[in-house]
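Side-chain atoms are counted along with the backbone in the values below, which use heavy atoms only and exclude waters and symmetry mates.
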Amino acid sequence: MGFLRFLSLFLKGVALMLLGADVVTSLENGGVSIRSMLDVLGLFGSDASVWFQTILPISASGPVIMVLGFPGWALTGLLGILLAII
């Protein structure tokens, strides 16, 4: 039980950091800049969409890549909130 609580807190913290990074980038560029989760995973040096297309079946890779196209702070924040509810 304690592990899920810690994981939930960690994910919500990551969501706040990603939201803060998007706010700072938006202020620097003078326009709205939102990083998707694919962009965040791309910072680690590989193209995540190609990786998911190779390891997942064709019917599953499309929806997974679509979900990873959502803002990074939204995905991690929602997952953190869902784990907190559980």
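- V23 meets the side-chain contact (heavy atoms from CB on, under 4.5 Å) test with L27; sequence neighbours excluded.
- Across all non-hydrogen atoms, the minimal contact from L11 to G80 is CB-CA, 3.9 Å.
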Which donor-acceptor pairs under 3.5 Å do the side chains of residues 61-69 make with protein atoms, sequence neighbours left out?
{"from": "S61", "atom 1": "OG", "to": "I58", "atom 2": "O", "distance (Å)": "3.3"}

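- F10 and I85 sit in two unconnected hydrophobic clusters of ILVMFWY residues. Membership requires side-chain heavy atoms under 4.5 Å apart, directly or through other members.
- The closest donor-acceptor contact from the side chain of S33 to the backbone of T25 lies at 3.5 Å or more, if one exists at all.
- Considering every non-hydrogen atom in both S49 and D47, the closest pair reads OG-OD1, 3.1 Å.
- Here the side chain of D22 pairs no donor or acceptor atom with the backbone of L19 at under 3.5 angstrom.
- How far OG of S8 is from CG of L82: 9.0 Å, rounded to the nearest 0.5 Å.
- Note on L4 and I81: separate hydrophobic clusters, where clusters join Ile, Leu, Val, Met, Phe, Trp and Tyr whose side-chain heavy atoms are under 4.5 Å apart, directly or indirectly.
- Under a hydrophobic clustering in which Ile, Leu, Val, Met, Phe, Trp and Tyr are joined whenever their side-chain heavy atoms come within less than 4.5 Å, directly or via other members, L16 and L9 fall into different clusters.
- When the side chains of ILVMFWY residues are joined at heavy-atom separations under 4.5 Å, either directly or via intervening members, W51 and L38 end up in a single hydrophobic cluster.
- Contact of the L83 side chain with the R5 side chain is not registered, since no non-hydrogen atoms from C-beta on lie closer than 4.5 Å.
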Assess the residue pair T76 and K12 against the criterion (side-chain contact (heavy atoms from CB on, under 4.5 Å)); give the C-alpha distance rounded to whole Å, side-chain angles, the decisive distance to 0.1 Å, and a yes or no. CA-CA 7 Å; T76 55; K12 289 185 280 187; over 6 Å; no

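- Here CH2 of W73 is found 8.5 Å from CG of L78. Values are rounded to the nearest 0.5 Å.
- Using a 4.5 Å cut-off on side-chain heavy atoms (C-beta onward), V32 and I34 make contact.
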